[in-house]
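Report on one structure; see the data block that follows.
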Amino acid sequence: MNNIDTYLHIIGIELLAILLIVVPLLSNQIHKRALSTVFVVVLGFMLAHFATHLLPNKIATFIYSSHHEYRSIKSPNINRT
């Protein structure tokens, strides 16, 4: 847990938890709307960041599994030169 990515995940989760607690307690609609927007933006960034962690591996696996020349195990029925 010594890389910056892990620390940013922890900070983002804590920020979302704080906003989740504070927003319902506000009575001023302008402040409530502003903090709700901040909550949605932070959540959107965290979901996008999560997708960038997962999708490249899934896309690469799909692409490389569909091309025989990228397979690490050579199959005997494909003629290569």
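Quick note: residue numbers are just sequence positions, from 1.
Here the options are Leu20, Leu16, Val38, Leu15, the test is side-chain contact (heavy atoms from CB on, under 4.5 Å), and the partner is Leu43; only Leu16 passes.
Hydrophobic clustering, with ILVMFWY side chains joined whenever heavy atoms are under 4.5 angstrom apart, keeps Val40 apart from Phe45. At a threshold of 4.5 Å between side-chain heavy atoms, the hydrophobic network of Ile, Leu, Val, Met, Phe, Trp and Tyr places Ile13 and Ile10 in two separate groups.
Considering NE2 of His49 and CG of Leu8, their distance stands at 7.0 Å, rounded to 0.5 Å. A distance of 8.5 Å separates NE2 in His9 from CG in Asn3, rounded to the nearest 0.5 Å. Distance check, rounded to the nearest 0.5 Å: CD1 of Ile11 to CE of Met46 gives 10.5 Å. The structure places CG of Leu35 at 12.0 Å from CD1 of Ile30, a figure rounded to the nearest 0.5 Å.
The heavy-atom pair separating Val42 from Gly12 by the smallest distance is CG1-O, 4.3 Å.
Counting heavy atoms of neighbouring residues, nucleotides and ligands inside a 6.0 Å radius, atom NE2 of His31 does not exceed 12 of them.
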